[in-house]
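What follows is a single structure, written as structure tokens, with notes after it.
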Amino acid sequence: MLQLAFIRNNKEEVKQRLTVKNFAELSIVDDLLSFDEERKRLQQQFDSIQARVNSTSKQIGQLMAKGQKDDAENKKQEVASLKSSLQPISDRLSIVEKQLEDALVKLPNLPSDKVPPGKTPADNIVVRAGGVEPQLSANALPHWELIKKYDIVDFETGAKITGSGFPLYKGKGAKLQRALIQYFLDFNIGEGYTEYLPPFMVNEATAYGTGQLPDKEGQMYYMQADNFYMIPTSEVPLTNIYRDEILKEEDLPIRMTAYSPCFRREAGSFGKDVRGLNRVHQFDKVEIVQLVHPERSYEVLEEMVNHVEKLLNTLTLPYRILKLCGGDMSFASALTYDFEVFSAAQQKWLEVSSVSNFESFQTNRMKIRFKDGNGKMQLVHSLNGSALALPRIVACLLENNQTENGIKIPLALQRYFGAESI
RNA sequence: GGAGAGAUGGCAGAGCGGUCUAAUGCGGCGGUCUUGAAAACCGUUGACCCAAAAGGUCCGGGGGUUCGAAUCCCUCUCUCUCCGCCA
């Protein structure tokens, strides 16, 4: 959520930057500021009347103590009439506060000035690429054929147990998942991230904190009986660890990593993109999250991009890094880099990681702050990235590494997988 | 799931209708003393709204009673103890 004071002081800039993000309902900004004006006015009225109520009530106490019952009664009348004039103000105040809050949570984060203009994924900018594209034979198979050939992922039985998009990993397929998770976690820990294993369901306040609510409500699985949401990514519980906390400046940066399954309803997505492991409702991911000093967040973003790139390089898959244009960015992000790997049999780039700086958008909701050297309260900046999401890595790895003698496992992974090939 | 107890400032913990502007201790910060440090002593020390002052709000969340609520009532959440169930 944007900081109200910033919107107040930079109205035109806010509108202009929202346009970069393809956000059209600019009238919300004007509405919001008029709610804010009214709120301030009502609050002042309320406070001054409340001050009289407080002091008069105090006098009543003193009069009672002295036994001056009649005078006390008069004062009681006075307070009663003050309070009745307070009621409509406080009613109106809570309405206006609600309207202000509703407007505020509708505004996406402002894109940083480094964000390229553009409306669709076609406008994203390729920052760099790496790895080597394999030369596959003409009869190379897409991963959804390979998983059947080697009997390592069973979508049909997954659908029988739960529904479509819930893969059942089997044998070497299951072990490959475990190996990747373990490898990614160890890699992240080696770079100074602290490992967590968070709850996979979260409450409403947590889902709100990272911006899933109210924006993406329909994308999460929801458990009505307990009012819990299945996490769409471990970013949600991880970032919320420090919700409502005031940190010490020397605690920063906080670097966290976690494995979790991720649950996404993917409502509204359809078509050929969803074949095989390209898009599923439950998948495994290892996430990295950082809470940092606001002056350092863009530096840290680059550091995290380099971290993910290094990890990807060890898997020897062909990849490219995209800087997302305004129109393709998520609601909460100020700047995002996407990582894609090239799935050679599908001849398609698949997103495997998204690394973003949220600046103070999430931490303003969560009130994660620190006291700076001058004793001033400041919001920390939050960042996160996948390191990495598994299914598309697996898809790419299966397709790109297929040989007549099976599927080659990248060297870095062999120690975890316990074999050189499938 | 049942019974009971509880939730107060960074932490511990008192307060149980008006003097709460929340005691006290610990911790933090500053100072005195010291070559320096420790100890001792002195001072200081929360967040939010408001441009700021004044003022207001915050004693787990929400609601109520009252002229007045940290304090009484209702409700929710969480924690602890005991019982039950359980991988």
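Here is the naming used below: chain letters follow the sequence lines, and residue numbers restart at 1 for every chain.
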For this session: Please say whether the positively charged group of A:Arg178, taken as NZ for Lys or CZ for Arg, lies over the ring of A:Tyr416, i.e. under 6.0 angstrom from the six-membered ring centre and within 45 degrees of the axis.
Result: no
For this session: Identify the nucleotide, in any strand shown, that forms a Watson-Crick or G-U wobble pair with B:U81, with both distances under 3.5 Å; if there is none, say none.
Result: B:A3
Exercise. Do A:Tyr337 and A:Ser353 have a side chain donor and acceptor closer than 3.5 Å?
Worked result: no
Problem set entry | Aromatic ring pairing A:Phe263/A:Tyr221, orientation class (parallel under 30°, perpendicular over 60°, tilted between) | perpendicular
Exercise. Could you state the CG-C1' distance from A:Leu42 to B:U57, rounded to the nearest angstrom?
Worked result: 16 Å
For this session: Using a heavy-atom cut-off of under 4.0 Å over every strand shown, decide if A:Lys371 touches base, sugar-phosphate, or nothing.
Result: sugar-phosphate
For this session: Please report, rounded to the nearest Å, how far the P atom of B:A47 is from the CD atom of A:Glu245.
Result: 16 Å
Exercise. Watson-Crick or G-U wobble partner for B:G25, using a 3.5 Å limit on both distances?
Worked result: B:C11
Problem set entry | Distance in angstrom units between A:Arg39 CZ and B:A51 C1', rounded | 13 Å
Seminar exercise, completed: Per atom distances to the A:Met377 side chain, the nearest of B:A47, B:G56, B:C50 is B:A47
Problem set entry | A:Asn54 side chain near B:C67 phosphate (N/O to OP1/OP2, under 4.0 Å) | no
Exercise. On a whole-Å scale, what distance lies between the C1' atoms belonging to B:G60 and B:U8?
Worked result: 10 Å
Problem set entry | Nearest-angstrom distance, P atom, B:G15 to B:U32 | 39 Å
For this session: Figure out the CD/P separation between A:Gln44 and B:A52, and round it to whole Å.
Result: 11 Å
For this session: Provide the Watson-Crick or G-U wobble partner of B:A40, both distances under 3.5 Å; none if there is no partner.
Result: B:U32
Exercise. Which whole number of Å gives the distance between the C1' atom of B:U75 and that of B:U65?
Worked result: 15 Å
Exercise. Less than 4.0 Å between a side-chain N and a carboxylate O, is that true for A:Glu245 and A:Arg369?
Worked result: no
Problem set entry | Interatomic distance at C1', B:A69 relative to B:U19, whole Å | 16 Å
Seminar exercise, completed: Whole-Å distance, A:Gln77 CD to B:U66 C1', equals 15 Å
Problem set entry | Separation between the P atoms of B:G13 and B:C26, rounded to whole Å | 15 Å
Problem set entry | Gap in Å between the two P atoms, one belonging to B:A23 and one to B:G9, rounded | 13 Å
For this session: Remember a base hit wins even if backbone is also touched, and classify A:Arg369 as base, sugar-phosphate or nothing at under 4.0 Å, heavy atoms.
Result: sugar-phosphate
Exercise. Now, which nucleotide makes the Watson-Crick or G-U wobble pair with B:C58, with each of the two distances under 3.5 Å?
Worked result: B:G46
For this session: Would you indicate, yes or no, if B:G56 has its OP1 or OP2 atom less than 4.0 angstrom from a side-chain nitrogen or oxygen of A:Arg52?
Result: no
Exercise. Can you tell me if the side-chain N/O atoms of A:Arg41 get under 4.0 Å from OP1 or OP2 in B:C50?
Worked result: no
For this session: Using whole Å, report how far CZ of A:Arg243 lies from P of B:A47.
Result: 21 Å
Exercise. Expressed in angstrom and rounded to an integer, what is the separation of A:Ile60 atom CD1 from B:A69 atom C1'?
Worked result: 15 Å
Problem set entry | Rounded distance in Å between the C1' positions of B:G68 and B:C20 | 13 Å
For this session: Would you mind telling me which residue lines up with the more 5' stretch of RNA chain B, A:Phe228 or A:Lys75, judged by nearest nucleotide?
Result: A:Lys75
Exercise. For A:Ala80 and A:Gln50, take the nucleotide of RNA chain B holding the closest heavy atom to each; which residue's nucleotide lies nearer the 5' end?
Worked result: A:Gln50
Problem set entry | A:Lys40 side-chain proximity, nearest of B:C50, B:C67, B:G55 | B:C50
Problem set entry | Interatomic distance, A:Glu97 CD vs B:G56 P [rounded to whole Å] | 17 Å
Seminar exercise, completed: Against the side chain of A:Asp47, the closest entry in B:A51, B:C49, B:U66 is B:C49
For this session: Classify the side-chain pair A:Ser343/A:Glu399 by whether it contains a donor and acceptor separated by less than 3.5 Å.
Result: yes
For this session: Tell me what A:Ala51 touches on the nucleic acid: a base, only sugar-phosphate, or nothing, going by heavy atoms under 4.0 Å.
Result: sugar-phosphate
Exercise. What residue among A:Arg392, A:Glu351, A:Gln346 forms side chain to side chain donor-acceptor pair (under 3.5 Å) with A:Asn278?
Worked result: A:Gln346
Problem set entry | Side chain of A:Lys58 (C-beta onward), nearest among B:C50, B:G55, B:U19 | B:U19
For this session: For B:A47, take OP1 and OP2 only and decide whether either is under 4.0 Å from a side-chain N or O of A:Lys367.
Result: no
For this session: Determine whether the side chains of A:Asn74 and A:Glu78 contain a donor N or O and an acceptor N or O closer than 3.5 Å.
Result: no
For this session: Provide the distance between the two C1' atoms, one in B:C73 and one in B:G17, to the nearest whole Å.
Result: 13 Å
